[in-house]
Asker: 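Quick one: the structure is below, questions incoming.
What's counted below: heavy atoms across the whole structure, side chains too, no hydrogens, waters or symmetry copies.
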Amino acid sequence: MIKYQGVTIERDAQTLFENIDFRVEEGEFIYLIGKVGTGKSSLLKTIYAELPVADGYARVFDYDLRKIKRSQIPYLRRSLGIIFQDFQLLTDRTVYDNLEFVLKATGWKSKQERDERIHQVLTLVGMETKSWRMPNTLSGGEQQRVVIARALLNQPKVILADEPTGNLDPETGHNIVALLHEICKSQNTAVVMSTHNLKFIEEFPGRVVKVEDRDLKEETAGEASELTDPDSSESTPETQIDQECGSSDSNMS
């Protein structure tokens, strides 16, 4: 579904990755690990065409990221579910209205079909009784569950989760990763998740890709669990910079 070969990624005249290979297959759960500033968030941004690919072969589904037109980007993103660390929910409307906004923007004309789909995804994440709550009345974990529901609305083939537990306490973060793993298995949806919390890898196995020295390196779960990262906080300068530079239409999933 996603295939990068010999890809170079640049940002602000700086080379973040050089001649990398990366692939994502159906139903895989992939952890992106690495130190602060190595480019994990930037790699994810190239997948949903927020950041251009400078060189190489980069294909997501049927889209060539080197040649993709601006008009095609919304259609690419409809096949992707995007989960942000800072939620990016619309604070002036209810949970239901947040989700309906996305469905309307992505072409769902029928009110009945929108209602049914919203109920389905909220039930899947355990939030079916809270559709009329405002985001600021929900806990951090509840807000992230809503964000996951939003990412699932258009039945994505791949979910991109950028530090999804970074603003959550350990127990809530654990529950969010468990939910993503369950979605991966039950929906056969691939998940690519960047994280600094290496404990997740032991409890919820998946492919581990380490970002280091402008390259991507496959790690075994054992190798990854033995790593120590002094930058243990998941709210990192790299993530903050990427969020500040991201365009508003990244809210679309």
Side-chain angles (χ1 to χ4, degrees), residues 1-9 16-48 51 53 56-61 63 65 79-85 144 148 151-152 155-166 173-229 231-232 234 236 238-239 242 253:
M1 295 189 296
I2 298 174
K3 187 174 183 180
Y4 284 19
Q5 286 183 313
V7 163
T8 295
I9 299 170
L16 301 178
F17 296 96
E18 189 170 17
N19 197 33
I20 61 168
D21 296 337
F22 183 59
R23 60 174 176 80
V24 178
E25 304 292 349
E26 186 175 322
E28 283 193 298
F29 198 104
I30 300 173
Y31 293 98
L32 282 181
I33 65 172
K35 293 183 178 180
V36 173
T38 51
K40 298 183 300 296
S41 295
S42 295
L43 176 62
L44 294 179
K45 282 178 175 290
T46 65
I47 294 173
Y48 59 92
L51 185 67
V53 171
Y57 176 91
R59 198 165 192 89
V60 179
F61 312 128
Y63 297 95
L65 296 184
S79 295
L80 298 166
I82 305 171
I83 299 172
F84 300 97
Q85 176 181 336
Q144 194 62 290
I148 293 172
L152 292 171
Q155 298 178 312
K157 300 174 184 177
V158 178
I159 290 175
L160 306 175
D162 192 4
E163 310 277 11
T165 64
H174 173 278
N175 293 337
I176 290 299
V177 178
L179 176 59
L180 288 173
H181 245 264
E182 178 58 31
I183 290 168
C184 178
K185 290 190 291 185
S186 64
Q187 308 290 314
N188 203 32
T189 301
V191 176
V192 183
M193 173 179 143
S194 65
T195 185
H196 284 86
N197 193 331
L198 304 180
K199 294 180 181 179
F200 293 144
I201 298 170
E202 297 180 25
E203 189 165 359
F204 306 105
R207 263 180 68 205
V208 181
V209 178
K210 185 179 180 182
V211 181
E212 185 177 54
D213 298 329
R214 299 190 297 182
D215 199 4
L216 301 179
K217 301 175 182 178
E218 294 276 347
E219 299 271 351
T220 66
E223 289 171 336
S225 64
E226 292 173 0
L227 296 173
T228 56
D229 188 348
D231 306 306
S232 57
E234 295 195 55
T236 68
E238 176 207 337
T239 303
D242 278 345
S253 54

Asker: Closest heavy-atom contact between Thr8 and Glu18?
Answerer: OG1-CA, 3.8 Å
Asker: How long is the span from the NZ atom in Lys217 to the CD1 atom in Ile20, to the nearest 0.5 Å?
Answerer: 13.0 Å
Asker: Taking all heavy atoms of Ala58 and all of Val53, pick out the closest pair and write down the distance.
Answerer: CB-CG2, 3.9 Å
Asker: Below 4.5 Å, heavy atoms only, C-beta onward: do Val60 and Val24 meet side chain to side chain?
Answerer: no
Asker: Tell me, do Phe29 and Phe204 make a side-chain contact under 4.5 Å, heavy atoms counted?
Answerer: no
Asker: Under a 4.5 Å cut-off applied to non-hydrogen side-chain atoms, are Ile183 and Val191 in contact?
Answerer: no
Asker: Do Tyr31 and Thr195 touch side chain to side chain, with heavy atoms closer than 4.5 Å?
Answerer: yes
Asker: Can you name the closest pair of heavy atoms from Pro156 and Gly81 and give their distance?
Answerer: CB-N, 3.4 Å
Asker: Please lay out, stage by stage, how Asp162 and Leu32 fare under the test side chain to side chain contact (heavy atoms under 4.5 Å, CB included).
Answerer: CA-CA 9 Å; Asp162 192 4; Leu32 282 181; over 6 Å; no
Asker: Can Lys157 and Glu26 be said to form a salt bridge (Lys or Arg N to Asp or Glu O under 4.0 Å), step by step?
Answerer: CA-CA 7 Å; Lys157 300 174 184 177; Glu26 186 175 322; over 6 Å; no
Asker: Answer with yes or no whether the side chains of Tyr4 and Thr46 bring together a donor and an acceptor at under 3.5 Å.
Answerer: yes
Asker: Could you report the tightest heavy-atom contact between Leu44 and Tyr48, atom names first, then the distance?
Answerer: O-CD2, 3.2 Å
Asker: Do Gln144 and Ile83 have side chains that approach each other closer than 4.5 Å (heavy atoms only, starting at C-beta)?
Answerer: yes
Asker: Which heavy atom of Gly34 sits nearest to which heavy atom of Lys40, and what is that distance?
Answerer: O-NZ, 3.0 Å
Asker: Is the closest side-chain heavy-atom distance between Val36 and His196 below 4.5 Å?
Answerer: yes
Asker: So which atom in Pro164 and which in Leu180 form the shortest heavy-atom distance, rounded to 0.1 Å?
Answerer: CG-CD1, 4.3 Å
Asker: What I'd like to find out is whether the side chain of Glu218 reaches to under 4.5 Å of the side chain of Val209, using heavy atoms alone.
Answerer: yes
Asker: How about Met193 and Val177: do any of their side-chain heavy atoms sit closer than 4.5 Å?
Answerer: yes
